[in-house]
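See structure below.
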Amino acid sequence: MRIHWHRRDLRLADNLGVTRTEGTESVVPLFVFDQEVLDHAGAPRVAFMLDALQSLRDAYRERGSDLLIRHGDPRDVVPAVAEKFDAEAVSWCRDYSGLARERDAAVRRELDEIGVAREAVHDAVHHEPGSITTNAGDPYSVFTYFSKKWHDREKREPVDAPSSDDLADVADDEPVPSLGDLGFEEPDAVIPSASTEAARERLESFCEDAIYRYEERRDYPADECTSRLSSHLKFGTIGIREVYDTTDRAHADAPSEGARESVFEFQDQLAWREFYTQVLEANPQVVTENFKEYDNSIAWRDDPEALQAWKDGETGYPIVDAGMRQLREEAFMHNRVRMIVASFLTKDLHIDWREGYDWFREKLVDHDTANDNGGWQWAASTGTDAQPYFRIFNPMTQGERYDPDAEYIKKYVPELRDAGPEIIHSWHEASLTQRRSAAPEYPDPIVDHSERREEAITMFEMARGGE
DNA sequence: CTGGCCTTAGA
DNA sequence: CTAAGGCCA
């Protein structure tokens, strides 16, 4: 009898923690609601997780078993469940973020004390942190070189879901709690389905078609040709081996060399995910500290009004506002737009990236410490492989380039629906009269980009030790 | 030790 | 044209 403690691996198929190739012990699956984790979570993300949990429980029940649901501190609950079932071992899939590592180490100590074997299984990434290093043996802090080695490495094949023979005949009457039970209000955003079936449908349909346009069109938010698998990868409702394997088959079936390259480009995004996982594992302090050290501290502004306008999507920069409103409405934002709004917060509003990271953590279903922190620090020029501080996104140019017909902007900013793309993409230099006649309800720009850009460069030159 | 390459661009 | 810095050969 082995307890498998589910955390961010809410699936049965392609789960290296649940399915073991050796041994015939039966598995008792467990999930623990940990208040410390819930304290750091937002309602959209918890709503998705609860749906994933219900699906996971259904899958176990279909196989004549059940998912045990408990509430409390895992360092008490996990050993208690192990003792109750007289388990020989407890397994879980490794989570590489700092908070999880501290928690898991504490659980490990408790289990050692009562003499229960435990195994932390490498499952969430293809290549575990520390396994891809520079030729000098150090963790990479530049993506390009990491990526080359990541692609060259052999990838493991997916494993099957366990059969009912592998699962313990248990039943549990503790229900999956509601959002309200956990102290959250119902989110305004519509939350997508979190089942493994839903993840597979997304993956399959993405790999039939959009993946072949991915390289060319992924930066155009109106196209919606990204995979939208991020939330499923965050909660492990689909396995990373299954994702890679399916893209590899799309690679084999690609109709042209360009289509093959496009599949490779998508796989490169999977490599980014593993790059940031190993950055966080090697540098757990980046959650709160700049990765890149400047001589002096960066003089971020304390500007609550500007921060609120950014959160509300009321900055008067159309592409920024569209992104921030998509975040509220869908608990999701297109990746290109994430970079634009992050650049705007840090380089135009001069607000600390941590404020933006906190807002994303609260609002995004797919929030992942490693990826979000990596992305924010990249945009803020404080991270690994960071955007140089003097290379600052121009929000108008970005909008014009990646949303030329303002299709994405109009979808999320109804005040601009009757305005033409020309005035939308030159909103910052249009006259007051032009703005009022084109879109009377849409705000004027809250800052002057070219002014703020110069000030941002000065702010970073000071931080670098300039006069 | 050092030159060259490469960055999810902008002015 | 600008221009920082990790990594490699």
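Note on naming: letters A, B, ... go to the chains in the order of the sequence lines (proteins, then strands), and numbering restarts at 1 for each one.
- Out of B:dG10, C:dC7, C:dC8, the shortest distance to the side chain of A:K149 is found at C:dC8.
- With sequence neighbours excluded, no residue forms a side chain to side chain donor-acceptor pair (under 3.5 Å) with A:Y212.
- Scanning for ring-ring contact (aromatic ring centres under 6.0 Å, His included) contacts around A:Y96 gives an empty result, with sequence neighbours left out.
- For the ring-ring contact (aromatic ring centres under 6.0 Å, His included) test, residues two or more places apart in sequence or in another chain that qualify with A:H367 are A:Y357.
- For A:D138 and C:dC7, the CG to P distance is 7 Å, given to the nearest whole Å.
- Side-chain contact between A:W150 and A:W272 is absent, with no heavy-atom pair separated by less than 4.5 Å.
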Output a table of nitrogen or oxygen pairs between the protein and nucleotides 1-3 of chain C separated by less than 3.5 Å.
none

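- Considering A:D104, A:D34, A:D95 in turn, A:D104 is the only one that fulfils the salt bridge (Lys or Arg N to Asp or Glu O under 4.0 Å) rule with A:R7.
- Here A:R336 lies in heavy-atom contact (under 4.0 Å) with a base.
- Distance A:K347 NZ to B:dA11 C1': 16 Å, rounded to the nearest Å.
- A salt bridge (Lys or Arg N to Asp or Glu O under 4.0 Å) check over residues 428-439 of chain A, counting only residues at least two apart or in different chains, returns the pairs A:R435-A:D444, A:R436-A:D444.
- Contacts of A:Q387 with the nucleic acid, taken as non-hydrogen atoms under 4.0 Å apart, are absent.
- Going from atom CG of A:N135 over to atom P of C:dC8 covers 4 Å, rounded to whole Å.
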**Request:** Dot-bracket notation for DNA chain B is requested: 5' to 3', Watson-Crick or G-U wobble pairs only, both distances under 3.5 Å, with ( ), [ ], | and . as defined.
**Result:** .||||||.||.

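- Between A:R453 atom CZ and B:dA9 atom P the separation is 14 Å, expressed in whole Å.
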**Item:** Base-contact (B) and sugar-phosphate-only (S) positions in nucleotides 1-7 of chain B, heavy-atom cut-off under 4.0 Å, - elsewhere
**Value:** ----B-S

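- Set against C:dC7, B:dA11, C:dG5, the side chain of A:T134 has C:dC7 as its closest nucleotide.
- Taking A:E216 as the reference, nothing meets the salt bridge (charged side-chain N to carboxylate O under 4.0 Å, His left out) condition, with sequence neighbours excluded.
- With rounding to whole Å, A:M396 atom CE is found 13 Å from B:dG10 atom P.
- By the ring-ring contact (aromatic ring centres under 6.0 Å, His included) test, A:Y402 is found to be paired with A:Y220, residues two or more places apart in sequence or in another chain being considered.
- Considering only residues two or more places apart in sequence or on other chains, A:R260 meets the side chain to side chain donor-acceptor pair (under 3.5 Å) condition with A:E257.
- Computed from coordinates, the A:F143 CZ to C:dA4 P distance equals 24 Å when rounded to whole Å.
- Among the heavy atoms of the strands lying under 4.0 Å from A:R401 are primed sugar atoms or P, OP1, OP2 only; no base atom is included.
- Listed nucleotides B:dA9, B:dA11, C:dG6 differ in distance to A:N394; the shortest reach to its side chain belongs to B:dA11.
- In this structure, A:F344 places its CZ atom 18 Å from C1' of B:dA9, rounding to the nearest Å.
- Atom-to-atom, CZ of A:F393 to C1' of B:dA9 comes out at 8 Å; the value is rounded to the nearest Å.
- Residues forming a ring-ring contact (aromatic ring centres under 6.0 Å, His included) with A:Y145 (at least two apart in sequence, or on another chain): none.
- The listed nucleotides are C:dC7, B:dA9, C:dA4; the one nearest the side chain of A:Y140 is C:dC7.
- If you take CD1 on A:I211 and CD on A:Q267, they are separated by 7.0 Å, rounding to the nearest 0.5 Å.
- Here A:N335 lies in heavy-atom contact (under 4.0 Å) with a base.
- Pairs engaging residues 197-208 of chain A under the side-chain hydrogen bond (donor to acceptor under 3.5 Å, both in side chains) rule: A:R200-A:E242 [sequence neighbours left out].
- Note on A:E454: nothing from the nucleic acid sits closer than 4.0 angstrom, heavy atoms only.
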